[in-house]
Structure formats: C-alpha cells, structure tokens
Amino acid sequence: MNFNRASEKLQILADAAKYDVSCASSGGNRKNTNKGLGDSKANGICHSFTEDGRCVSLLKILLTNHCIYDCAFCVSRKSNDIQRAAFTVEEVVELTINFYRRNYIEGLFLSSGIFKNADYTMERLLRIVKKLRLEERFNGYIHLKTIPGASEELIQEAGLYADRMSINLEMPTEAGLKTVAPEKSHEDVKKPLHFVNQHIQAYNSDRKLILSTPKFVPAGQSTQMVVGATPESDLEIMATADQFYKAYNLKRVYYSGYVPIRQDSLLPSIGTPPPMIRENRLYQTDWLMRFYGFRVNEILDDTHPNLDPEIDPKLSWALRNLHLFPIDINTADYQLILRVPGIGVGSAKKIVAARQFGKLRTYQLQNLGIAYNRAKYFVRCADSPFASKDWQASQIRHFILSSSQNKRQSPQQLTLF
Amino acid sequence: MEIYVFDDTFEGFLTLIFDWYNRKPGSITVSSAKHYHPQAFSQTYFIVTDPEKAMRVATGLRKRLSKEAWRAVYCTFLSERLEAYEHLFGFAVYVFSDVSQAESNYGNEHVLFVHQMARKVEREKHHLEAFVRFQQTQDGMYYAPIEPKYNVLPLIAGHFRGRYADQSWVIYDHVRKYGLYYDLQRLQLITLDFQRSHNFDTPARISEDHHEEMYQLLWKDYFKSANIPARRNLKLHVRNLPRRFWKYLTEKQVLD
Ligand code: SF4
C-alpha cells in the first residue's frame with residue numbers, strides 16, 4: 001500500500017463518512033472459531049473518542065465520495081466542489097485488518113457515494129466483505145450501508161457476510177426529505193428494510209430447524225434521521241422512529257443533529273450550531289421507549305409536540321403526571337419504580353431485590369446510587385414523614401433545575417435519568 | 001485488635017478466612033503484605049497460604065453465591081485496595097452466616113461495597129479492552145504496555161485470547177511488573193526476567209518491514225478526520241478517554 005495515497009484517501013473518505021452517527025458495534029456475535037482474526041461480542045467497545053466526544057468503535061469510511069446524486073444536505077453531492085477519491089477493495093481490506101490487529105477498532109463501517117449506478121457500487125462493497133470474511137478469516141464486526149436501488153440478489157448476498165445493515169431515512173418525514181433531496185423517498189428506504197427484515201426472520205426460523213443455516217445480518221438493521229435540517233417536530237420524529245422500530249424490527253434508530261456544511265436556502269445557514277441538546281433529548285426518549293416501557297404518546301402529543309430542552313423527558317413526563325406520585329418504594333411495582341426520575345434500570349432492580357430484606361429507609365435508597373435529589377420528590381421510604389410536602393410541578397422543576405445548575409453537565413452526555 | 005496479614009494472593013486471602021474461623025479470635029483487622037505496617041499495640045498473625053484451605057473457603061462461598069456474586073468477589077479482590085479486603089472479609093462472614101440471598105441485601109454495607117467496587121474493576125477491565133494499543137515489533141509480535149488502576153490483567157486475558165488467535169502478542173503491566181504472552185498456542189504469565197530477555201523494558205523496537213509506523217500514522221489521520229470541529233467538546237472527550245490512558249494511546253501521541 002502506498003502510504004501517501006492511502007493517507008490522502010483516508011482523510012477524504014473518513015471526513016465524508018463522519019456525519020453518519022451510527023457507530024455502535026453492538027449486537028454482533030461472531031465467535032472466533034476458525035483460528036482466524038477477531039471476534040465480536042454482543043456489547044460493542046468504543047476504542048477511542050474524538051475531540052467532540054463521540055465514540056470511535058469502527059473504521060468508518062466511504063468507499064468513494066463520488067456520487068451521481070445531489071442531496072442538498074450531503075457533502076458528497078454531485079454539485080459540491082470537493083476533492084474526490086475512491087478506495088480500492090484491497091486498500092479497505094488492508095486498513096481494516098491492520099487497524100484491527102492493533103486493537104484500534106472493532107471492525108468496519110462501510111458506506112459509499114453512488115458511482116455509476118447502485119449495483120456497480122453495491123457489488124464493490126460485496127467484494128470487500130467477502131474478501132474480509134473468506135480470505136482474511138476476519139470475525140470482527142462489519143456494518144454495511146445498503147445502497148438504495150441495489151438489486152435484491154446483491155443485498156441478500158451481502159447480508160450473509162455483514163453483521164449489521166442500515167439505510168438512512170435522512171429526513172424524518174417524506175415531505176421533509178422531498179424538499180432537500182427530490183430524487184429520494186422513504187419508499188426507497190422501506191423496500192430494502194422490508195426485504196432484509198423478511199430474510200432475517202426467515203433465516204432465524206430456518207435456524208431453529210437446521211443449525212447449519214448461515215447467519216443473515218445477525219446484528220439486525222438500523223437507520224438514521226437528520227435532525228434540525230428540516231422543520232419536523234419531535235413528535236413527528238419519534239412517531240417515525242416508533243413506526244420503523246415496529247414495522248422492520250430495527251435494532252436502533254440514530255438521530256443526527258444537522259451540522260451545516262454549506263450555504264443553501266433550503267437548510268440552516270453555516271454557523272448555526274448543531275442542535276445537540278435536542279439530539280440528546282431524542283436519544284433519551286428513544287431509550288425510554290425501548291427500555292422503560294414508555295409509549296411515544298405518553299411523552300409527546302399534540303399539546304406537547306416538542307421535548308423540553310431544559311429537563312429530560314422522563315422528568316417532564318413525571319411532572320405532568322404528579323397524581324401518580326409519590327410512590328412507595330417498598331411496595332410499588334417495578335414498572336412504576338422505573339418511571340421515577342433519577343432511578344435507572346439498574347437501581348430499580350436493586351431496590352426490588354433489597355426491599356425483600358426489610359423496608360428500605362431513605363439512607364439506604366441514597367446509597368443505591370440513584371439520583372436522590374431528583375427522585376426524592378416522587379418516592380416515599382419507610383422513614384419518610386407521613387405528611388410529605390405537596391409541591392407544585394413548577395416548584396419541583398425549579399428546585400431540580402437550580403440544584404443541577406452548578407454541576408450542569410455537557411448537553412451531549414446522555415444522563416441516565 | 002489482631003491484624004491478619006496475607007501474602008497479596010487470592011489464595012492467601014481465602015486462607016485467611018479459613019484461619020479466622022479456626023481460631024475464632026473475635027474481630028480482626030485485615031491487611032495484605034503490601035499494605036501492612038506493624039503497629040505497636042496490635043498483635044500480628046501472618047497467614048501461611050494453603051491451597052487446600054483456600055479451596056474449601058472458595059467452595060463454601062461458591063455454594064452460597066451466584067456466579068455473578070462470586071465474580072464480584074474476585075473483582076473486588078483485584079482492586080488491591082485495603083478497604084476492599086476489609087469489606088470482602090465482612091462480606092464472607094455475612095454470607096457464611098447463612099442469611100438466604102445474602103448477596104442481594106444491598107442495605108448491608110459489605111454487600112453494597114463489594115457490588116460497587118466490582119463495578120469499578122469491571123469498568124477498568126472494559127477500559128483496558130478498549131484502550132490497549134498493540135505495536136508490531138521486529139520479530140512480528142504485537143506488544144502492548146499498560147498501567148491499569150486495578151489488577152485487571154487476569155480479567156482481560158480471555159478477551160484478547162479469543163480475539164487475536166492468529167497473531168502472537170504480549171500485554172505487559174508496567175505497574176505490577178508482569179504480563180501475558182500468547183505464542184499462537186498457549187497463554188503464559190511472564191515476569192520481569194522474561195521482559196528483560198526480550199528487551200521490552202525499553203520501548204519495543206518498532207518493526208520497519210511490517211510498516212508499523214505507517215499504520216500508526218494512518219490511524220492518527222483517521223482519528224483527526226473523524227472529528228467534527230463544530231461539535232468540539234473537550235470536557236466530554238476527557239471524561240470518556242481519561243488522561244491516564246493517553247500515554248499509551250497511539251492517537252494521542254503528538255508528532256514531534
Ligand atoms: S445519494 Fe447519498 S452520497 Fe449521494 S448525495 Fe445523496 S446522500 Fe450523498
């Protein structure tokens with residue numbers, strides 16, 4: 001490999017791929033059974049963190065930033081005046097293997113602009129994953145972007161070698177997408193998502209009968225929506241996410257705060273800061289849906305179409321439902337304890353386990369590692385005074401906000417409620 | 001109060017528990033040899049590590065604990081903290097008192113401590129699995145120096161063995177002066193002598209014919225290009241990537 005050329009390509013093609021936020025290497029389970037290189041575990045590993053604080057777990061690159069399309073939000077679009085580059089199949093394989101051997105990465109995230117046509121591009125992606133798996137005996141994680149419009153045979157074959165496949169919705173609604181990328185549509189995304197999902201289900205049920213059935217996209221599918229480029233509300237965003245989770249069994253939906261990359265009347269102007277707090281709130285809501293048993297409509301509805309930037313969605317929900325609180329920590333259902341602001345899945349489980357040894361008192365609850373300053377307005381312990389103060393929602397909100405003011409954490413961090 | 005001193009090994013610690021039950025001296029202070037300072041008014045009892053006694057205590061604990069709780073005991077031990085030994089001792093006594101489900105009584109201070117300390121050690125293990133950086137040396141072997149906060153080398157061995165089955169590698173703990181060596185067949189513990197004979201004391205000589213330097217530079221290129229300056233957040237960066245790991249992180253080595 002020629003170092004100077006590889007270095008130049010890497011800089012161009014990593015730079016172009018970085019706006020894709022999906023980076024997780026989770027859900028893989030590819031054991032090293034062939035004395036080859038690598039294995040993937042269900043919990044991915046972040047091997048590094050960029051200076052913007054995002055996780056680096058995969059070598060995330062484009063095969064090429066040449067593209068025949070012209071989506072307004074994309075750096076690789078045809079009309080953009082930038083330097084173009086394309087990796088060879090061998091270069092991608094060599095980089096992946098050598099980075100992996102040094103424990104820099106968990107695997108490869110490969111995406112691409114569309115050169116010539118969808119199939120030509122998809123075919124190249126396929127050659128890379130086949131070479132990695134079959135020639136290099138690589139068992140690390142591979143996340144492959146499906147090229148919209150590629151033929152089903154190619155997608156199906158790629159699915160035998162990739163751990164995860166994804167295809168981006170880009171904008172949360174069809175209308176939003178049409179304004180910035182007239183050539184694209186949600187339908188183009190739904191078709192391959194549906195196709196791959198059907199195959200995952202089919203291979204899974206075959207595996208129950210015959211164990212030697214190969215794995216097909218074992219880590220499932222994901223998608224991504226750009227947030228803040230077009231005017232959708234948080235309700236519209238989460239409703240779309242919910243619908244796609246259900247219809248296609250997605251493993252993850254990612255929300256990517258739009259970073260303006262050029263002056264365009266259709267898009268927020270250069271210098272507009274990316275909506276990082278909003279992005280964080282959307283992830284929290286997503287989390288509440290997947291792990292806390294919340295339905296979208298409990299958190300967002302027509303009277304509250306947008307998430308509160310100042311407080312997290314769980315606290316916000318609790319303040320609107322004060323009639324359900326305070327709950328008794330020593331008798332309440334696990335599901336209800338989960339809904340207390342300041343209590344996460346881990347501490348809810350500990351509470352339920354510990355209270356079997358006797359009624360929990362306040363100091364014990366505090367020791368369990370919950371955010372007690374937040375939770376205290378919503379719970380009662382064995383030693384809580386009988387008549388607790390009846391605070392108004394606005395008062396509680398004020399107390400919590402002012403107590404967290406000093407230690408205010410960076411908006412990007414996902415606080416664990 | 002009598003001070004019980006064991007030899008810093010897990011077996012020694014388990015023997016200590018055995019001996020305490022045997023001698024029934026009432027309450028004691030627990031210390032490992034490394035932490036031990038003689039005290040004027042206390043008697044000291046030095047444990048003689050005995051594999052058979054250790055095994056009996058281990059069996060007894062395992063019978064009364066879930067797999068997770070037993071692992072938590074081991075992890076807490078690997079923290080090498082003096083107060084961890086004290087709490088582990090208290091935990092063991094509590095477990096042997098035959099309370100049912102003792103391990104999940106998080107209202108008990110020893111149970112809670114073991115649980116929380118084990119989590120810290122597991123986090124360190126996870127950090128190491130992420131932040132180990134191998135360099136290929138001239139003889140083709142991959143070498144990684146580490147300086148973990150807790151003694152997590154035993155915990156990460158399986159991970160790296162499963163992952164790098166087709167390359168030989170060494171991970172060397174420079175704080176505790178021992179390492180793991182995988183030779184494509186077996187995993188071995190190696191100590192200072194081995195390290196000297198292989199010249200690992202001075203930074204491993206980087207291989208030129210294996211393009212080691214080129215891949216390091218490419219990785220730095222990648223690291224820089226993956227950053228989005230508009231989202232720069234150094235506080236978060238440092239929280240996720242604690243400074244104490246930078247010394248050995250290829251991507252944090254600034255070019256001279
Ligand atoms: S098709 Fe994909 S790569 Fe091409 S311009 Fe649109 S978003 Fe960018």
Side-chain angles (χ1 to χ4, degrees), chain A residues 1 3 6-7 10-15 17-19 31-32 34-39 41 43 45-56 59-61 95 98-99 101-104 137 139-140 257 259-260 273-274 276 350-351 353-354 356-358 360-361 364 367-369 410 412-413, chain B residues 99 101-102 104-109 111-112 115-116 119 126 129-136 142 144 159-167 169 184 211-219 221-241 249-252:
Chain A
M1 194 157 64
F3 171 73
S7 166
L10 188 59
Q11 291 180 42
I12 295 170
L13 295 170
D15 187 85
K18 70 188 175 190
Y19 297 100
K31 293 248 154 45
N32 188 340
N34 54 3
K35 265 241 168 191
L37 174 63
D39 62 7
K41 302 243 174 68
N43 301 326
I45 299 178
C46 296
H47 283 271
S48 195
F49 293 86
T50 53
E51 288 189 357
D52 54 41
R54 289 170 317 135
C55 154
V56 179
L59 170 62
K60 194 194 303 182
I61 46 173
L95 279 174
N98 278 289
F99 281 7
R101 287 200 182 283
R102 288 164 178 76
N103 204 40
Y104 298 162
R137 295 191 301 168
N139 304 297
V259 181
M276 302 218 276
K350 267 188 246 162
I351 289 169
Q356 307 199 31
F357 294 87
L360 292 177
R361 308 175 77 80
Q364 288 169 309
N367 283 342
L368 284 175
S410 81
Q412 237 187 345
Q413 197 210 8
Chain B
V99 214
Q101 298 283 309
S104 39
N105 184 7
Y106 299 105
N108 175 294
E109 58 162 336
V111 176
L112 191 65
H115 180 82
Q116 288 172 340
R119 273 188 50 171
H126 190 79
E129 287 173 355
F131 301 147
V132 156
R133 293 287 179 266
F134 287 111
Q135 303 185 3
Q136 197 175 24
Y142 288 83
H159 172 86
F160 286 101
R161 188 200 183 128
R163 177 165 295 220
Y164 298 112
D166 74 338
Q167 72 192 42
W169 49 265
L184 296 178
H211 310 294
E212 175 56 36
E213 206 169 335
M214 174 178 99
Y215 284 111
Q216 290 189 15
L217 287 170
L218 286 172
W219 174 242
D221 285 346
Y222 176 73
F223 184 72
K224 249 183 277 155
S225 305
N227 181 44
I228 300 179
R231 301 179 61 121
R232 186 179 156 93
N233 187 342
L234 280 182
K235 245 170 86 183
L236 188 61
H237 173 68
V238 175
R239 185 166 51 228
N240 286 330
L241 200 66
L249 283 174
T250 317
E251 62 271 28
K252 297 304 282 181

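Just so it is clear: chains get the letters A, B, ... in the order the sequence lines come, proteins before strands, and each one is counted from 1. The figures that follow rest on heavy atoms only: side chains count, while hydrogens, waters and symmetry mates do not.
Heavy atoms from other residues, nucleotides or ligands lying under 6.0 Å from CZ of B/Arg119 number 12 at most.
Contact between A/Phe99 and B/Tyr215 at its shortest, heavy atoms only, is CE1-O, 3.7 Å. Minimum heavy-atom separation, B/Gln167 to A/Leu37: OE1-CD1, 4.0 Å. When all heavy atoms of A/Leu10 and B/Leu218 are compared, the pair lying nearest together is CD2-O, 3.1 Å.
B/Phe160 has its side chain within reach of B/Phe134: a pair of non-hydrogen atoms, C-beta onward, lies under 4.5 Å apart.
Comparing B/Asp221, B/Val99, B/Val132, B/Asp166 by heavy-atom pairs within less than 4.5 Å of chain A, the highest count is held by B/Asp166. Counting heavy-atom pairs closer than 4.5 Å to chain B, the top-ranked of the candidates A/Ala353, A/Gly38, A/Gly140, A/Ala14 is A/Gly38. Of the residues considered (B/Trp169, B/Tyr164, B/Phe223), B/Tyr164 shows the highest number of contacts with chain A, using heavy-atom pairs under 4.5 Å. The candidate from A/Gln364, A/Arg361, A/Arg101, A/Lys350 with the greatest count of non-hydrogen atom pairs under 4.5 Å with chain B is A/Arg101. Annotation: maximal heavy-atom pairing with chain B below 4.5 Å, among A/Asn139, A/Leu59, A/Leu95, occurs at A/Leu59.
The contact between B/Leu112 and chain A is made entirely by side chain atoms (from C-beta outward), counting heavy-atom distances below 4.5 Å. Using a 4.5 Å cut-off between heavy atoms, B/Gln116 contacts chain A through its side chain alone, with no backbone atom that close. Contacts of A/Leu360 with chain B are absent, with no heavy-atom separation under 4.5 Å from either backbone or side chain. With a threshold of 4.5 angstrom between heavy atoms, A/Pro274 approaches chain B through side-chain atoms but not through N, CA, C or O. For a residue to count as touching a neighbouring chain, one of its non-hydrogen atoms must lie under 4.5 Å from one of that chain's; by this rule A/Tyr104 touches chain B with backbone and side chain alike. Within the 4.5 angstrom heavy-atom criterion, atoms from both the backbone and the side chain of B/Tyr106 approach chain A. Contact of B/His159 with chain A is made through backbone and side chain together, with heavy-atom distances under 4.5 Å.
Under the salt bridge (Lys or Arg N to Asp or Glu O under 4.0 Å) criterion, A/Asp15 pairs with A/Lys18, not counting sequence neighbours. Shown here are the salt bridge (Lys or Arg N to Asp or Glu O under 4.0 Å) partners of A/Arg137, two or more places apart in sequence or in another chain: there are none.
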Candidate pair A/Phe3 and B/His211, rule side chain to side chain contact (heavy atoms under 4.5 Å, CB included), full reasoning: CA-CA 9 Å; A/Phe3 171 73; B/His211 310 294; over 6 Å; no

